[in-house]
2 protein chains.
Amino acid sequence: MDAAMTLADASGVRALSMRQIGDHLGVQAMSLYNYVSGKNALLSAMVDHVFGEIPLEVPNADWKTSLRATATGAHDLFLAHPWACELVLTPGSIDFPNARLRYMESILARLRQAGFSPLDASHGYHALDSHTLGYTLWELGHRIPPDTPEDFIEELFKQLDDDAHRYLLEHAKVHFEYPDDGTNDFAFGLDLILDGLDARLPR
Amino acid sequence: MDAAMTLADASGVRALSMRQIGDHLGVQAMSLYNYVSGKNALLSAMVDHVFGEIPLEVPNADWKTSLRATATGAHDLFLAHPWACELVLTPGSIDFPNARLRYMESILARLRQAGFSPLDASHGYHALDSHTLGYTLWELGHRIPPDTPEDFIEELFKQLDDDAHRYLLEHAKVHFEYPDDGTNDFAFGLDLILDGLDARLPR
DNA sequence: ACCTGAACACCGTTCAAGT
DNA sequence: ACCTGAACACCGTTCAAGT
């Protein structure tokens, strides 16, 4: 699994193949089936390993601070392992391994203990989790490829028309003026959700 | 492209192959390359077709109503074509075809015309788009498979421990008590974002 | 102009055979 | 107990050859 994670970090899940993992371990691909029941099981274990590293306990913090820490921690980890979000969100067959269940339970617990009703806690959980995974996946899919940044940007601007894409050009300018590794934009949406939830909390 | 979309709607993008499309058209897979430069170009065109159908103009509506209509319209379309979200968010190589650019421009324009600064409009755009695509993809990936619902649910519950997953069990109960096709949960997060933006609008 | 056969370089996975 | 060769049923794509 370590080998698979290293390879996936380096060249993406799409390029990850049993044969490649075998090569990296000096072994034929078929030998891997002695340790893992199939590629899906391997991918699932990789994802769960990442979930296991998300910070869930924040001592002496109110619910908002605590959930913000969990979400930003997850964001950081998913950026470090760019294949994880993709695998969680497009599984083909859903499964909820241990660490993921712990992660879900922890978010729900903190919402309930903050005073939300079961229904609002459910809604809140979905809003938070879909932002954490969804925003991060969006970000990962739209990163400028590091090999040829200038060519890429030039290509992109050639598509834009001054009249028809007035606000898009302005939007691009904002991105250049305030360069962001994604944390600011992620935090903006996150606070929108947390503050919105806060306003619905019965006093 | 029609053939490809029908097949993808029916059996998913993962199962979509050039050979299968060829079969469906009574032709060999290689013939398709007379009409399309490659599989990626085909997938990109399919996605853009979906973007083209998202409602962008809502007459006589304030910005919130208008953006809500666009987001829920997109949500509906992405549920009808379950491959679209996945393709947008995990492209491998980013591209912004025409209809997608129009969609982005339209959201940005409405935010700017509502009175948001360029920076807040950018933030708002990202929050909205990542919720629209991200929540929907989350939902699509976690739908209960229609073929074996009972088996699936039973399997899932067997994983849950009464003590360790107290709030998860409660969460599952909420889902049974308030069955939802996804629109309510989607709208909840959407309103969190729209209301949060509204509060930041200079008066 | 359009279609095809054959081929290339890949996949995940199985299974009998080796050590 | 672990590894392998050979095989199966797949991929996307190219290209020379056909009509």
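Computed over heavy atoms, backbone and side chain alike; hydrogens, waters and symmetry mates excluded. The sequence lines fix the lettering, A, B, ..., with proteins before strands; numbering per chain opens at 1.
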Quiz prompt | Pairwise P distance, D:dA9 and C:dA9 [rounded to whole Å] | solution = 22 Å

Quiz prompt | Integer-rounded Å distance: C:dT14 C1' and A:Asn34 CG | solution = 12 Å

Quiz prompt | ring-ring contact (aromatic ring centres under 6.0 Å, His included) against A:Trp138, all qualifying residues, sequence neighbours excluded | solution = A:His142, B:His126

Short N/O separations, protein against nucleotides 9-13 of chain C, under 3.5 angstrom:
unit_1	atom_1	unit_2	atom_2	d
C:dC11	OP1	A:Ser17	OG	3.3
C:dC11	N4	A:Arg19	NH2	3.4
C:dG12	OP1	A:Met18	N	3.3
C:dG12	OP1	A:Lys39	NZ	2.9
C:dG12	OP2	A:Met18	N	3.1
C:dG12	N7	A:Arg19	NH1	2.5
C:dG12	O6	A:Arg19	NH2	3.2
C:dT13	OP2	A:Tyr33	OH	2.6
C:dT13	OP2	A:Lys39	N	2.8
C:dT13	O5'	A:Tyr33	OH	3.2

Practice problem: Under the ring-ring contact (aromatic ring centres under 6.0 Å, His included) rule, collect the residues that match up with B:Phe188, sequence neighbours excluded. | Solution: A:His123

Exercise. Just jot down the salt bridge (charged side-chain N to carboxylate O under 4.0 Å, His left out) partners of B:Glu170, sequence neighbours excluded, or say none.
Key: A:Arg112

Quiz item: ring pair (Phe, Tyr, Trp, His ring centres under 6.0 Å): which pairs involve residues 6-53 of chain A, sequence neighbours left out?
Solution: A:Phe51-A:Phe78, A:Phe51-A:Tyr103

Quiz item: Under the ring pair (Phe, Tyr, Trp, His ring centres under 6.0 Å) rule, what pairs show up with a residue in residues 149-170 of chain B, not counting sequence neighbours?
Solution: none

Self-check item: ring pair (Phe, Tyr, Trp, His ring centres under 6.0 Å) contacts in which one or both residues fall within residues 4-23 of chain A, not counting sequence neighbours
Solution: none

Quiz item: Can a salt bridge be assigned to the pair B:Asp191 and B:Lys64 using a cut-off of 4.0 Å between side-chain N and carboxylate O?
Solution: no

Quiz item: D:dA17 and C:dC2: how far apart are their C1' atoms, nearest whole angstrom?
Solution: 13 Å

Quiz item: Under a 3.5 Å cut-off on both pairing distances, which runs of 3 or more consecutive Watson-Crick or G-U pairs involve DNA chain C?
Solution: C:4-8 with D:12-16, C:12-16 with D:4-8

Quiz item: For B:Gln28 and D:dT19, what is the distance between atoms CD and C1' respectively, to the nearest whole Å?
Solution: 15 Å

Quiz item: Side-chain N or O of A:Ser31 less than 4.0 angstrom from OP1 or OP2 on D:dC2?
Solution: no

Quiz item: Who passes side chain to side chain donor-acceptor pair (under 3.5 Å) against B:Arg14, sequence neighbours left out?
Solution: B:Glu86

